[in-house]
Amino acid sequence: MPSHPPLRAVLFDRDDTIAFTDPGVYREAALWGHATFGLDARTFGEALRDQWNRRALDWWDLRTQAQEDAFWQAYGQELAGILGLTDEQTAQLMARWPYEAYMKPVTNARHVLETLRARGLKVGVLSNTLPSIDRTLRAVGLDDLVDVAVATCVVGVHKPDAGAYLHAAQALEVEPAEVLFVDDKPENVQAARDLGMHGLLIDLRGERPDAIHDLARVLDVVSELEVPC
């Protein structure tokens, strides 16, 4: 008898796993700010980066979309004060360059998720992120391939807390032992393993020898695990 039940689902982290923040988008936004508002492109781009760095973890306690909307409204107002923008210009900026506009899909992401679904596996996403996870997955063109997307803000517990993983498994209607979890943070992968999940570390920078360096390798790992016929 196998020590592990058959695999039924693959659960992915989002950032630096199936999607990433593209630094090049800041340049695009900076050039847009210059063309649209006449602001110095370098100043505009630096303001965008600095504002995110200041507020990058301030969303940790958000629980609802309404709270997230209020967060972004305050975020935009602070940015407007730095750049000297009017309310109308601020609304234009936030509409053109929302959070998800800076995200791109990882190479092979769509192929991997399509292949997993074709094999009869469920696909989930579990991310330490704001409530708007569905919108971000739609922006990178992967939402139609994800059965369950869990933003830990909504759950109220963040990885590597066990509650986050258990919530995702329950939403997928599978047992933890039937899940392969893929994440770029070793502590998150270990937490999944401690719950009985298969755990796989991914490092898209190619720096960790104990990790996969291409998302497509997930398919090889799945092939090595027991998959129901």
Side-chain angles (χ1 to χ4, degrees), residues 7-22 59-60 62-65 68 98-193 195-204 211-212 214-219 221-222 225:
L7 192 69
R8 294 183 58 202
V10 181
L11 181 62
F12 294 92
D13 175 43
R14 184 192 64 192
D15 298 328
D16 295 321
T17 299
I18 60 171
F20 69 102
T21 298
D22 184 356
W59 48 265
W60 207 247
L62 302 180
R63 294 291 176 264
T64 68
Q65 187 59 57
E68 180 179 345
Y99 173 56
E100 62 270 20
Y102 296 85
M103 294 183 183
K104 299 286 180 65
V106 165
T107 300
N108 295 319
R110 188 163 183 88
H111 168 68
V112 169
L113 270 58
E114 284 178 334
T115 303
L116 293 174
R117 293 278 292 269
R119 292 186 184 185
L121 294 168
K122 295 182 178 180
V123 173
V125 175
L126 174 63
S127 178
N128 285 350
T129 191
L130 302 94
S132 58
I133 188 168
D134 290 334
R135 194 175 76 226
T136 64
L137 292 174
R138 186 164 56 251
V140 297
L142 299 175
D143 61 309
D144 60 314
L145 298 173
V146 175
D147 296 293
V148 170
V150 177
T152 57
C153 269
V154 177
V155 181
V157 288
H158 303 285
K159 296 178 295 183
D161 190 295
Y165 303 87
L166 294 174
H167 180 94
Q170 184 177 28
L172 285 164
E173 300 181 331
V174 298
E175 295 298 321
E178 298 171 324
V179 177
L180 169 63
F181 176 71
V182 187
D183 198 294
D184 65 303
K185 291 183 171 53
E187 63 271 23
N188 292 344
V189 173
Q190 186 57 53
R193 289 172 177 161
L195 287 171
M197 293 182 176
H198 300 277
L200 181 61
L201 183 65
I202 185 168
D203 168 26
L204 298 174
I212 63 169
D214 184 332
L215 188 65
R217 284 279 293 120
V218 169
L219 300 178
V221 174
V222 166
L225 301 173

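Quick note: residue numbers are just sequence positions, from 1.
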Within the 4.5 Å heavy-atom criterion, are [X] and [Y] side-chain neighbours or not?
| X | Y | answer |
| --- | --- | --- |
| Lys122 | Val148 | no |
| Leu113 | Val146 | yes |
| Pro176 | Leu166 | yes |
| Leu215 | Ile18 | yes |
| Val150 | His167 | yes |
| Tyr99 | Leu130 | yes |
| Ser132 | Gln65 | yes |

Salt bridge (charged side-chain N to carboxylate O under 4.0 Å, His left out): pairs with one or both residues in residues 148-158, sequence neighbours excluded: none

Criterion side-chain contact (heavy atoms from CB on, under 4.5 Å) against Val222, the qualifying member of Arg119, Arg217, His198: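 Filter result, single survivor: Arg119.
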
Residue among Val112, Leu180, Leu172 satisfying side-chain contact (heavy atoms from CB on, under 4.5 Å) with Val10: Leu180

Which distance, rounded to the nearest 0.5 Å, do you find between the [atom1] of [X] and the [atom2] of [Y]?
| X | Y | atom1 | atom2 | value |
| --- | --- | --- | --- | --- |
| Asn188 | Phe181 | CG | CZ | 5.5 Å |
| Leu200 | Asp184 | CG | CG | 11.5 Å |
| Leu116 | Leu219 | CG | CG | 5.5 Å |
| Thr17 | Leu201 | OG1 | CG | 9.0 Å |
| Asp13 | Asn128 | CG | CG | 7.5 Å |
| Asp203 | Asp183 | CG | CG | 12.0 Å |

Looking only at heavy atoms, what is the nearest atom pair of [X] and [Y], with distance?
| X | Y | value |
| --- | --- | --- |
| Ala164 | Thr152 | CB-CG2, 4.1 Å |
| Pro160 | Ala191 | O-CB, 3.5 Å |
| Leu137 | Ala149 | CD1-CB, 3.7 Å |
| Glu175 | Val179 | O-CG2, 3.5 Å |
| Gly163 | Val157 | C-CG2, 3.7 Å |

Residues, nucleotides or ligands: over 12 heavy atoms within 6.0 Å of Gln170 CD: no

More than 12 heavy atoms of other groups within 6.0 Å of Gln190 CD: yes

Are any side-chain N or O atoms of [X] and backbone N or O atoms of [Y], one a donor and one an acceptor, separated by less than 3.5 Å?
| X | Y | value |
| --- | --- | --- |
| Arg135 | Glu100 | no |
| Lys159 | Leu126 | yes |
| Tyr165 | Arg193 | no |
| His111 | Ala216 | no |
| Arg14 | Val125 | no |
| Arg8 | Leu121 | no |

Salt bridge flag under 4.0 Å for residues Asp144 and Arg110: yes

